[in-house]
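Proteins come first, then strands; the chains are lettered A, B, ... in the order of their sequence lines, and each starts at number 1. Here the structure is a predicted model, which is why all the values come from computation and not from measurement.
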Amino acid sequence: MTLLSAEGLTKRFGGVLAAKDVSFGLEGGEMLAIIGPNGAGKSTTFNMVGGQLRPDAGRVTLAGQDITGMPPRAVCRMGVGRTFQVAQTFLSFSVIGNVQMALIAHHGQTRMLLPDAMAMHQDAALALLERVGMAAQADRPIGELAYGDVKRVELAIALAAAPRLLLMDEPTAGMAPAERSALMALVAGIARAERIGVLFTEHDMDAVFAHADRILVLVRGEIIARGTPEEVRADPEVQRVYLGHSGTRAAERARRAHG
Amino acid sequence: MQWDFLLVQSLSGLASASSLFVIASGLTIVFGVTRIVNFAHGSFYMLGAYIAVTVVPWLLEIDRSPWLFFVGVLVSALAVGALGVLMEMLLLRRIYRVPELFQLLATFGVVLIVQDLVLLVWGPVDIPGPRAPGLRHGVVILDQRFPAYELFLIAVGPAVLGLLWLLMHRTRFGVLIRAATQDREMVGALGVNQAMLFTGTLFLGAALAGLGGALQIPRVSANSQMDLSIITEAFVVTVIGGMGSVPGAFIAALLIGQLQAFGVLIFPKITLVLVFLLMAVVLVIKPWGLLGKPEAAAGRVVLPEGILDPRPLDRAGKMLAALGLAAVLALPLLDAYAVKVGTEVLILALAAFSLNFLVGNGGIVSFGHAAYFGLGAYGAGLLVVKAGLPMEPALLAAPIAGGAFAALFGFFVVRLSGIYLAMLTLAFAQIAYAVVFQWVEVTGGDNGLVGVWPSRWAASREVYHYLVAAVTVAAIILLRRVIHAPFGATLRAARDSAQRADAIGVDVRTHRWLGFTLAGAAAGLAGGLYAFSKGSIDPTLLGIPMSVDFLSMLLLGGIQSVLGPVAGTAAFHAAKDFFMPLTDHWRLFLGLSIIAMVLVFPRGLAGAWDTLRRRRA
Amino acid sequence: MADAVLDVAGLRAGYGPAEVLFGVELHLARGEVAALMGRNGAGKSTTLKAIMGLLPPRAGSVRFAGQEIAGLAPFRIARLGLGYVPEERRIFTDLTVFENLEVGRRAPPAGRAPWTPERLFEVFPNLAEMRHRRASAMSGGEQQMLTIARTLMGNPEAVLLDEPSEGLAPVIVEQMADAVLRMKAEGIAVLVSEQNLDFAAAVADRALILEKGTVRWQGSIAALEADEDVRRAYLTV
C-alpha cells in the first residue's frame, strides 16, 4: 500500500490559489523532493500534509488512513516526524534531554508528576543520538552546538516518534555547505534502512539531485513536472521556469526603450 | 424608569467615556510605537491632577477667567509630557529589548516611586481642585439637572480624537508614529531615528495622561490612589480596542462608559466585574481586540527567560538548602517576632514558588497571581467565619478554591500569549478583587473579615510555625519534583518551542491549562495558611501590589533557578519587614530596587550565587 | 576599488544559530547596476539585509562611500545615502501613498535636485492617480512601485533592491525594469537581487552569482547569457 497519498490538495489564501489540485504518492523508503521557485506553494503543500493547514479540498491519507485536517500533534501520533526550516528544538534542554522529551511525548507520559524526566528513556535516547552521530555530545546544552549538529539532533527528535513518514522542510537551510551532503546522506541511509518515507523541500539542488528518488516541481501552486532527477533535469519547461523567462518580452522592451 | 433619567445616565456614561479615552489614547499610542505596556501611565494621570490642583488655583488668583483655567490644565499636561520624556530617556530606552515581564515590572517600579514622590510633595491629604469658572452651573435636560462641566467633558473626547487625527494625518511626526506602529524596523531603514521618535511618542502619551488627570480636578480631589484605579481601566480600554489603535480605544471607551452607567442600574454591586468580563469576552473572540492587529509572530531562536535545564542540587546547593531548613526550624528559639516573620516568609515562598512554576518554568507571565493566593485565603476564611468549620477542612478548601478559579480563568488565559496573556491575568485578578471588594455582605468588603484563627492545638505561634513549615516545605518539594518530572519538562519544552512540542505530539494548550491550575492551587494553599497566620482576610491579598510583590520576589531570587524564588522571598520579605517601619518611603525604595534589578541584576540572587561559585571554581 | 560606492568583504551573517553568509565579497561602482543572482536560499536577501544593518554582520567589512558601515544602525546607514527596498515590500498599509512617501523623505545632498512626489509620479504614473488611497487597497504591483518610490524619496546615492520582479505580471515587470533604468540614468547605483535572468539582463551591467552564502561567479551579463554551464550550475536545476 502507498505510504502517503495526497489527492487533489487545494488551498486558497484570500484570492490567491496557493495550491491547486496537488496529487502525489510516496512509498516507504523513498525520498521525494518538492522544488520550485519562491511562492510556488511548497510550504503550503507541506503544511497541508503535516496538519498545520487544513486543505480547502483534497485528501491526505497515511497508509490508507485519512489524516486530512488533523492537528499536527495528532498527525505526529499517526507516525509522522517533522523537521523545520529553522530548526525547532528545546533550547533550555541538553542534547539528550531534547530526545528524551520527544520519547516522553511519544510514550504519552507528559502528564506524569513524580518521576525524574531526565532519568527516563536514557538508553533509547542515546541510541537515537548514536544513529545521527551525536552520541558524543549528548550532555552538552543544545544551544552550544553548531547549527549543522542542531539539525542532526532535530532529526533524532523526529525519529523518536518511530515515524513511518518524515516531513523535512528545507533540511539543509542555514547549514555550512560542507555539512549539507553529510546530513542528506544520513537521512537517505536511515530512510532506506528502515523503510521510512521522506518528503522534503529543498533549495540546494546538489542535495536534491544527489539524494531524491523522485522530484515534484511546483510552480504557482501547480505541479508542472514530476519524475526522476534525470527526467526533471531534462524537462525544458522546468528550465524555463527556473530562469524566469515569463517576463522576457517585457524586459526586452524596457531595455530597448532606454537604449 | 423614565426616559429623561436614562438620557442623563447615558450622558454621564459619555462623560466618563470621554475622560477614559483621553487617558487610554496615550497608553495605546505609546504601546503601538514602543511595544511597552506602560504601568506608569496611571502615574502620569495622577501627576496631571496634582500639578493642576497646584497650578490652576494659582492662575485663578490672577483672574477668575475660564481661559486661565484651561491654560492651567494645558500647562499641567505639558509638564507631565516633559516627565514622560524624562522617563523615556532615563529608563525605557534601556529596556526596549528586554522580556515583557521585566518591562512591566520596571514601569511598575516607576509607579511606586511616583506614589512616594507625590506623598512627599503634596502630602497624604486629598486636595480638592477648583471648579471651572463658567461651567459651574447645571443645565436642565428634560427636567433633570446635569452639570455643565460634564457636558463639556463629553465634548473633550471627540475633540481630542479629532486633534489626534489631525496630528496623525497632517504632521510628519504623526505619519511617522503611524508608520512605526506598523513596522518600526522599516521606518529605521528609511533613515528615521527611532530614539527621537520614541521620545516624542512618550511626550505625547504622557501629556495625554496628564491632560486626562488635569481635567478631572473639578470632579474629584487629587489623591494618591488615582494611579492604580485608572491604569486598570485604561488597560482594559486599550486591550478591548486593540493595542495601538486610537479609534479602537475610542470605541472601547464608549462601550465601557455606557456599560458602567447602565450596569450600575442593573447590577449595582458588580459593575467592575462587567467591565472585565467584557474584556475577557472580547479577547477570547478577537484575541487582538476590536481594531487591533496580530503581532507578527517571530520564530524565536533565543534562550527563553526562565528556568534552564534544572539539575539536581549539587553539594553546596544541598548544604544551603539544609542550612535554610535548619534556620526555619530554629526560629522559635529566637523571639516571637522572628517566628512571625519566618512563618510569613515560608507562606510567601510557596506562593512565589508556584508563580515561578508558571513564569520561570512555563513561560506564562501571570501578572495576577495574587488572585489565587487571595481566593485561597477567602476560601478558607469564609468557611471558618461564615460556616463555622474548623481550620483543618478550611485549609483543605484553600487549594481547591485557588485551583478551581485558576482552572476557570486559565481556560481563557492559555488561549493567548505574550503581553495579551499578561493583561488577561491582570484583568481576571481585578475581577476577583472587585468581587471581594464589592460583595460586602459576604466578604466584608474593604474591611475584610476577622476571626480566622487556627484550631486550638495549633493556636500558639510556634506550633503554627511548624505546621506552616511542614506544609510549605512539603508543597515546595513536591512542586520542585513536578518541575523535574515529565509534566514540568513538557511545560518547559512548550515554552522553548511550542511548534516543536506540537510536532512531537504534545497538546500544548491543555498542558498549559493544567499547569496554570496546579500553580493556582499551590498559591491558594499559601493563601489559606496566610489567612490563619494573620487571623483575618482583606482584599489587599488579591491586589495588584501583592502580585507585584510576588514578581519582585522572583526577580530578586532569579527566575532562571528553581529554588531562587525561595531565597528571593526570604530576602524580599525580611528587607520589607526591616525597612518598612524605619522609612516612610518604602515604595520609593522598592521601586528603585525593582528598576535596579531589571537594569543591572536581571538574574537575581541565584545568578549572583552562580557567578560567585564559578569564580571560585 | 577607488570608484566603488559599496565595497563588501568577508561578510558573514545568519539568523540565530543558522549561518547563511560565508564571507561574501562584492563591490558596486558608482552609477552601476549589478544583479545579485542565485537560487532561492542562496543568501541574496540576507546579503542585502546585512549590508543595510537590518541583520548585524558577524564578521567582515561593509564600506559605503568610503566609510565603514558594518555595525551601524540602519537609520544611520540610510542617512549616509544607502536606500533599501525589501523583498516583502513592507509598505505601511495603514498609510496613504502620499504618507508612505513622506516617511521616506530625506533632504538630498547639497547640489542635487531632490526627488519629490511629483517627480516620482512621472516615473510611476499609476501612483499619481491613487495618491490619497490607502496602501492596503493597492495591488501587489502598485505596492512594489510604491516601495521603490518611497526609498527614492530619501535621495539615496545607491539602492539595494530585493527581488523587484518576483510574483509580478509581465506588464508590471516592465515598469520595474523601467524604474531601475531610470534610477541608473539619475546616477544612482543599484544592487538588485534577482532570479529572473531576463530581468537582470534588461537592467544590469554586471552579474554576481551567489551560491550557499558565497559569490561563486561574476562577470558581464553577456558572458552569463553565453555560458550555459554557469547557468546550469548556479541558476537552474
* Asked: What are the residues of residues 89-97 of chain B, in order of number, with any heavy atom under 4.5 angstrom from a heavy atom of chain C?
  -> none

* Can you sort out the partners of C:T93 under side-chain hydrogen bond (donor to acceptor under 3.5 Å, both in side chains), two or more places apart, ordered by chain and number? => B:Q182

* Asked: Tell me, side chain or backbone of C:R106 under 4.5 Å from chain B's heavy atoms, or both, or neither?
  -> side chain

* To do: Examine distances only and state if a side-chain atom of C:Q67 and a backbone atom of C:F64 form a donor-acceptor pair shorter than 3.5 Å.
  => no

* **Qualifying residue for side-chain contact (heavy atoms from CB on, under 4.5 Å) with C:T46, from C:L55, C:V24, C:L11** => C:L55

* Inspect the surroundings of CZ in C:R79 and state if more than 12 heavy atoms from other residues, nucleotides or ligands are less than 6.0 Å away. => yes

* Which region of C:L160, side chain (C-beta onward) or backbone (N, CA, C, O), has a non-hydrogen atom less than 4.5 Å from a non-hydrogen atom of chain B, or is it both or neither? -> neither

* Asked: So, C:R90 and B:D183, do they make that salt bridge, N to O below 4.0 Å?
  -> yes

* Are the side chain of B:S25 and the backbone N or O of B:V22 linked by a donor-acceptor pair below 3.5 Å? -> yes

* Determine the option with the most heavy-atom pairs under 4.5 angstrom with chain B, choosing from C:D94, C:L80, C:T151. => C:D94

* Structure fact -> When the 4.5 angstrom heavy-atom criterion is applied to C:I77 and chain B, the contacting part is neither

* To do: For the pair B:H41 (side chain) and B:I23 (backbone), establish whether a donor and an acceptor sit closer than 3.5 Å, ignoring hydrogens and angles.
  => yes

* To do: Considering only NZ, NE, NH1 and NH2 on the basic side and carboxylate oxygens on the acidic side, decide whether B:E100 and B:R35 come within less than 4.0 Å.
  => no

